[in-house]
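In what follows, every chain begins at residue 1, and chains take the letters A, B, ... in the order their sequences are listed.
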Number of protein chains: 2
Amino acid sequence: MAARESSLDVVQRELTAFARRARATAARMHPELSLVSYTILSHLEERQGCRATDLAAHYMLDKSTVSRQVAALEKMGFIERRVDESDHRVQLLHLAPGGEEILASARSSRQESIQARLADWDPEDLARFASYLVRYNADAAAHP
Amino acid sequence: MAARESSLDVVQRELTAFARRARATAARMHPELSLVSYTILSHLEERQGCRATDLAAHYMLDKSTVSRQVAALEKMGFIERRVDESDHRVQLLHLAPGGEEILASARSSRQESIQARLADWDPEDLARFASYLVRYNADAAAHP
DNA sequence: GCACTTGTGTTGTAGAGTGCAACGATATCA
DNA sequence: TGATATCGTTGCACTCTACAACACAAGTGC
C-alpha cells in the first residue's frame, strides 16, 4: 500500500472497476438472464411472496423498471404473481418451477467461474473477504 | 464459515448485490458523470496517453462504446485526443484541465460517501479489505 | 355514503449504454 | 504493390432506466 494512496482510495477504485465489469461478465456468462433478472430471482428465492415495491426499494430501481422486469420474467415462466387477498393492490411474487431451475443453473455456472478465480485463496482469507463484503454492503444500506 | 452457506456463496451474493446498486448510487451522486465516464477519466489520470482500445479491453467494453464515450467526454472538454505521430491510426487520450477538475470533484464526493460508510472500520480491516479487492479483481482479469 | 389522500402497479415516452456489423484510414509485411 | 491486420467511427437494434401520467384499491375524514 503506497503512502500516497489510502485504503479508501483503493476500495473505491477497485469497487468501481468491479462494478464496471460485472455487467459484461454477467451478460457473457448468462445471455438469457440479465443481472437484474438474476438478482430478482435470487431475491425471490429468499423471500417468496415479496412485493414489486420491495424489490424496487431494495435495489434502488424505479417501480416501472421492476414492473417491466417482472412482466418479462413472468412471460418466460420464471415467476408467478398472486394477488394478495387482504389487499387487492398488491401482487405477491413467487418463484415458478422454471425460475428455480434457471436460477440454480445460473448460480452454479457463476459459482464455477468464481471458484476458478478464488481457487488459490486461503480459506481463511476467503472467509474474511466474504465477511468484509457483507459488512460493506450492510454499511452501504445503512448510509444511503 | 457456515455449514449451509460457503464463503463462495457469500462473495457471489454480495458482489452481485453491490454491482446492482453501484450504478444507481453513482448516478445519484454524480448525475453529470456516468460510471463509465468516471472510470475512463480515472484510468486516464493513471495512464495519460492511453488508447481507446486499451480502455475497451480493460473494462470489457466494445470499442464502439468506448468511441462514443470518448467523443462525449471530449465534447464536454474533459479529455483531449492527440494523434500518435508514430502511428496515425491511434489516438492518445489525455485528461484535459476540465477533466481533472471534475474528476477531483467526483472523487472527493464519492470518497466522502464511502468514508461515511467505512468510518467505523478498523484501519487494519480496511487495508485488508482493500487488498482482497485488488486481489479479486486481478484474479478476475486473469481468469476471463 | 362521499370526497380526499395514499399506496401499488402499468404504460407512454425519452434517453443513455451497449454490442454487432460494416466501413475508411493507416500500418505492416510478403 | 497487394494482402492482411489494427484502430477508430458510424448505422442499427436492443435493453435498461427514470420520469410522468394514469387506473385501481385501500384507508381517512366529513
Whole angstrom is fine here: how far is it from [atom1] in [X] over to [atom2] in [N]?
| X | N | atom1 | atom2 | result |
| --- | --- | --- | --- | --- |
| A:Asp54 | C:dT8 | CG | C1' | 11 Å |
| B:Gln91 | D:dG8 | CD | C1' | 6 Å |
| B:Arg23 | C:dG17 | CZ | C1' | 7 Å |
| A:Leu33 | D:dC16 | CG | P | 10 Å |
| A:Ile79 | C:dG9 | CD1 | P | 12 Å |
| B:Ile40 | D:dG8 | CD1 | P | 12 Å |
| B:Leu55 | D:dC7 | CG | C1' | 13 Å |

Hey, which of B:Leu35, B:Leu33, B:Leu95, B:Leu55 is the one that makes side-chain contact (heavy atoms from CB on, under 4.5 Å) with B:Ile40?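 Among B:Leu35, B:Leu33, B:Leu95, B:Leu55, the one meeting side-chain contact (heavy atoms from CB on, under 4.5 Å) with B:Ile40 is B:Leu55.
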
Drop me the distance from [X]'s [atom1] to [Y]'s [atom2], to the nearest 0.5 angstrom.
| X | Y | atom1 | atom2 | answer |
| --- | --- | --- | --- | --- |
| B:Leu41 | B:Arg107 | CG | CZ | 9.5 Å |
| B:Arg128 | A:Ser7 | CZ | OG | 11.5 Å |
| A:Arg47 | A:Asp54 | CZ | CG | 8.5 Å |
| A:Gln115 | A:Ser109 | CD | OG | 12.5 Å |

Just so I know, are the side chains of A:Arg135 and B:Asp120 near enough to count as touching, which here means a heavy-atom distance under 4.5 Å?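 Contact flag for A:Arg135/B:Asp120 side chains = yes.
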
Measuring only between side-chain heavy atoms, which start at C-beta, is A:Ser67 closer than 4.5 Å to A:Gln91?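 No, too far: nothing below the 4.5 Å cut-off.
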
Near DNA chain C, which residues from residues 57-76 of chain A have a heavy atom under 4.0 Å away? A:Lys63, A:Ser64, A:Ser67, A:Arg68

When the nearest nucleotide of DNA chain C is assigned to A:Val90 and to A:Ala24 on a heavy-atom basis, which residue is associated with the more 5' position? A:Val90

Assign the ring pair A:Phe129 / B:Phe129 to parallel, tilted or perpendicular, where the plane angle (0 to 90°) is split at 30° and 60°. tilted

Every protein N/O within reach of nucleotides 27-30 of chain C N/O, cut-off under 3.5 Å:
residue, atom, partner, partner atom, Å
C:dA27, OP1, B:His88, N, 2.8
C:dA27, O4', B:Arg89, NE, 3.4

Centres of the B:Trp121 and A:Tyr136 rings: under 6.0 Å? no

